[in-house]
Every structure is written in structure tokens, then in C-alpha cells.
Number of protein chains: 2
Amino acid sequence: MLKFKEYLQNISTISDKEFEETISYFSEKHLHKGDFFIKQFSVCRQVGFIIKGTIRIYYINQKDEETTYGFCQENCLTTSFKSFISQTPSDLILQALEDTDLLTIDYDKLNLLYKNYPTWQNIGRIITQNEFLNMEQYASVLNNETAKEKYLRLLKEQPNVLQKANIEDIASYLGVTRRTLSRIRQKIYQK
Amino acid sequence: MLKFKEYLQNISTISDKEFEETISYFSEKHLHKGDFFIKQFSVCRQVGFIIKGTIRIYYINQKDEETTYGFCQENCLTTSFKSFISQTPSDLILQALEDTDLLTIDYDKLNLLYKNYPTWQNIGRIITQNEFLNMEQYASVLNNETAKEKYLRLLKEQPNVLQKANIEDIASYLGVTRRTLSRIRQKIYQK
DNA sequence: GTAATTTGAGGACATTTGTCCTTTTTGTTC
DNA sequence: GAACAAAAAGGACAAATGTCCTCAAATTAC
């Protein structure tokens, strides 16, 4: 809860009283390893704030291959944003890589927050803008970083993901085959 | 003007009177071939609606190579969105590939529109969401389409861009070198 | 603990792409 | 129209990546 309060205070000012009231709109959710937060083709009805654990975000393309968008961990928001804002079936799949605790809010309750608290209108707009910036950053990485650079960044920023995810997941995150990932690791660790 | 009205009406309902008033917040701008709508590192102060012409959006990466994000043409909004919303220096460069006519609105005037017209708050939110969806679509293309597929889509959706842009631009849009683009064309046109 | 199964490492070869060129084509100037 | 310049096509080889394997290590089941 404390971390969530910090998270919101980084976005906008929120009083203790408002936070207390806000928190009553949220629920807690526990996922076991392998559980889905959002399944493919289901309408995403919730946004989650990760208290503890790891979520892998991925989708399955036309050739039946999994492409991993990324991994969300502690103190991050996680949702299938497009599905959530448009309340349409989700292309993205969100799955727990390990036991994960979340603070969640439903679509309707979030809209109540927007309606009842001017602060939340502000928070909502900024979160939407942040989602845009994240997506832009993601596209920029796809354009500019080699698979090796992406691997090194993952190693730096989310080293524990390398333990929790399997080779297949990491390779699909890097946009290469297992074989190439194997070669990347060889170069990094043997020199 | 008519096209712009249609564009807005597709987003939200806007009365004739509101549109008349709205249009007074906009200016017309004419770019010659090669002119910049937004230069690198300048703060983007305007959003443009293209009446006629073609804008290439690109940036220059750490290795001094140009990467082309895409090409905007008639009846599309064009801006360096991140720079515009945050009023910070732009990574993206927007340049006219041919003589281009735009309807433009300044940052301050847009905020006046938001303030004075509830309709525009709605339009603004939806445009922001659309920008997110566009960026997501862009990332999805980067992940899923081969250079050849991208070329064929360009050929289908914006065939005239292939005349207006040079090989270098198109190759950087596809994410390959000139040599590979040459091979792609060879395969497409000789079989 | 042993056997069976899953997962990661890496060999061999084919395919693709990039680099560095030269040649050809197109467009421009006088 | 000839001469020049600019842009695109494409040859030759090197480097990177994918495909299809096998083998070793780790994990799980009994």
C-alpha cells in the first residue's frame, strides 16, 4: 500500500484522506505461477499494480509464435491497455511467471474515481500519456537496439527475469531464435 | 477545411457553429519540398493537419543513421507527439517530401480550445488514445512484419510514397539496407 | 537414488542480410 | 543531344541468423 501511495504521489499530489478513500476502490489479487491475469481474446476489465512478483506480457502472432513484449515487476502498473480503454478483446496475454500479488481496480470503479475525484482525472490523463511514452520507448528499442544490447539491458535492469523466464521467452523478447540467444550468451560470458 | 470537419466529426460530434469558431484557432502553413515542419531538438509547438502533400517522420540514432518512422499524407494529423505534449526537445524530425499544405494549431491555442469547448476535451482525449493505438500498431508491425511484407503494405496503402521518397528513406522505413531493399524489389517485380 | 522428461548449449549447414564495390539508369545542365 | 551528376540496381564475398539436429545438464516422478 505504501509503495502504491508513493507511486501515485510521483504522478500527482494526493492527500492522505483521498488516498484512504481511493484505496477502497481497489481489491487485492493473488496469482500463482502460471496463472493468467489476462487471457487472450478476453476483455481486460482491470488494471493491476504489482506488489510482488513478475508478469510476462506476450501475444501469439499469425504464425503461432509467441512474442514477448516485456516483463512487469514490483511497483509497476500492468494491464492490456488497448483492451482496457476500449473494452474490446485483448491481443495481449498477461501471465504470472511466479506467485504474484496485485492491487487491482475494475473498469467501472476507475471511472467512478475519475468522476468523484478531480485528482484522479489528472492521474488518469498522465497514466495514459505515460502508456504512450512507454509504447514509444518500446518501439524505439525495437528500432535501435540489437538483440545483444537488449539482453545486456535486461541483465542490468531486470536480472532476476533471466532466472524466472525460460530461454524461449527471453529469445522471443529479444526477437531472435533460441539458437541466436545461445550465441549471444556465449559471446557475453566467455569473453 | 471540409476534410478537416469530416475528420473531427469522425472523432466526436461538433456543431457547425463550434467548427466555425474552432477553425479561427488554426492557421494555414505552406511547406516547400525539403522544408522542416519540426527540426531535431526543437520543441514542437504545433500540431498539423495535412491538407495536401507528404511528410516524412524520422530520427537520427546514436550511430548517425536515419530511421524513418513513416509517411503522413492527406487528411492526417502530424506532429512530434511526445515533444508536443511535454513541450520538450523533439527527437523526431518532420520534413516535407514535396510541397505541402497544412492546417496548424499552436500548443497554447489548443489548450484554450480544451478550456473553452467541452467537445474539444473529448476530442483531445480521443486523439491521445489514438496516438497510443497508432504507436502500438507501429510496434506490432516492427515485431511481426518482414521487410518484404512492409514493402508490400506500403505499395498497397501509400503507393505514391514510393515515387516521392528515395531508396534510402524507404530502406530505413523497412529497417534494412539499400542492398536488401534492392533484392526485395527484384523478387517482387521479376516473379 | 534411478529413470524419464524437460530445458539449455552448441555443431553443421543453408539462407539471409550487410559491406563494399561497379555498372546501369535516370535526371539535370549547358 | 552530349556531358555530367545523382540515384538505383546488382555482383562478390563476409558476417549473422535460422533450421535442424544432438548431447549434456537440470528437473521431476516414481
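If you're wondering where the values come from, they're calculated on a predicted model, not measured in any experiment. The chains referred to below are lettered A, B, ... by the order of the sequence lines, with proteins before strands, and numbering in each begins at 1.
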- Under 6.0 Å from the NZ atom of A/K82, do we count more than 12 heavy atoms belonging to anything else shown? no
- Item | DNA chain C contacts among residues 155-170 of chain B, heavy-atom distance under 4.0 Å | none
- Quick one: list whatever passes side chain to side chain contact (heavy atoms under 4.5 Å, CB included) with B/S27, sequence neighbours left out. B/T104
Residues 1-14 of chain B side chain polar contacts: donor-acceptor under 3.5 Å, at least two apart:
| unit_1 | atom_1 | unit_2 | atom_2 | d |
| --- | --- | --- | --- | --- |
| B/K5 | NZ | B/D16 | OD1 | 3.0 |
| B/S12 | OG | B/N122 | ND2 | 3.2 |

- Item | d(NZ, A/K33; P, D/dT27) in whole Å | 11 Å
- Taking five pairs at each end of the helix from C/dG1-D/dC30 to C/dC30-D/dG1, what angle separates the two helix axes (nearest 10°)? 40°
- Output yes when at least one side-chain N/O atom of A/Q186 is less than 4.0 Å from OP1 or OP2 of C/dG10, else no. yes
- Who passes ring pair (Phe, Tyr, Trp, His ring centres under 6.0 Å) against A/Y114, sequence neighbours left out? none
- Are any non-hydrogen side-chain atoms of B/F26 and B/L113 less than 4.5 angstrom apart? yes
- Closest non-hydrogen atom pair between B/V176 and B/L181, with its separation: CG2-N, 4.1 Å
- Hey, can you tell me if B/Y59 and B/Y69 have their rings parallel, tilted or perpendicular (30° and 60° cut-offs)? tilted
- Note on the structure: Output for pair (B/L94 CG, B/Q40 CD), nearest 0.5 Å, gives 12.0 Å
- The complete set of side-chain hydrogen bond (donor to acceptor under 3.5 Å, both in side chains) pairs with one or both residues in residues 84-96 of chain A, sequence neighbours excluded, reads A/R45-A/Q87, A/Y58-A/Q95, A/S80-A/S90, A/S86-A/T88
- With sequence neighbours excluded, residues passing ring pair (Phe, Tyr, Trp, His ring centres under 6.0 Å) with A/F37: none
- Any donor and acceptor pair, going by atom type alone, linking the side chain of B/Q158 with main-chain N or O of B/F71 inside 3.5 Å? yes
Please write out each protein N/O paired with an N/O of nucleotides 27-29 of chain C under 3.5 Å, distance rounded to 0.1 Å.
none

- Pull out every residue in residues 55-66 of chain A that has a heavy atom closer than 4.0 Å to any atom of DNA chain D, ordered by number, or say none. none
Set out, line by line, the N/O atom pairs under 3.5 Å between protein and nucleotides 16-24 of chain D.
| unit_1 | atom_1 | unit_2 | atom_2 | d |
| --- | --- | --- | --- | --- |
| D/dG18 | OP2 | A/T177 | N | 3.3 |
| D/dG18 | OP2 | A/T177 | OG1 | 3.0 |
| D/dG18 | OP2 | A/T180 | OG1 | 2.3 |
| D/dG18 | N7 | A/R183 | NH2 | 2.6 |
| D/dG18 | O6 | A/R183 | NH1 | 3.4 |
| D/dG18 | O6 | A/R183 | NH2 | 3.4 |

- Message: Between B/E98 and B/T100, is there a side-chain heavy-atom distance shorter than 4.5 Å?
- Response: yes
- Members sharing A/F41's hydrophobic cluster (side chains within less than 4.5 Å): none
- Task: Go through the structure and list residues passing salt bridge (Lys or Arg N to Asp or Glu O under 4.0 Å) with B/K17, not counting sequence neighbours.
- Result: B/E21
- Task: To the nearest Å, give me how far apart OH (B/Y189) and P (D/dG10) are.
- Result: 12 Å
- Message: In this structure, how many angstroms lie between the P atom of D/dA7 and the CG atom of B/L97, rounded?
- Response: 14 Å
- Query: Side chains of A/Y151 and A/R185: do they bring a donor and an acceptor to under 3.5 Å?
  - Reply: yes
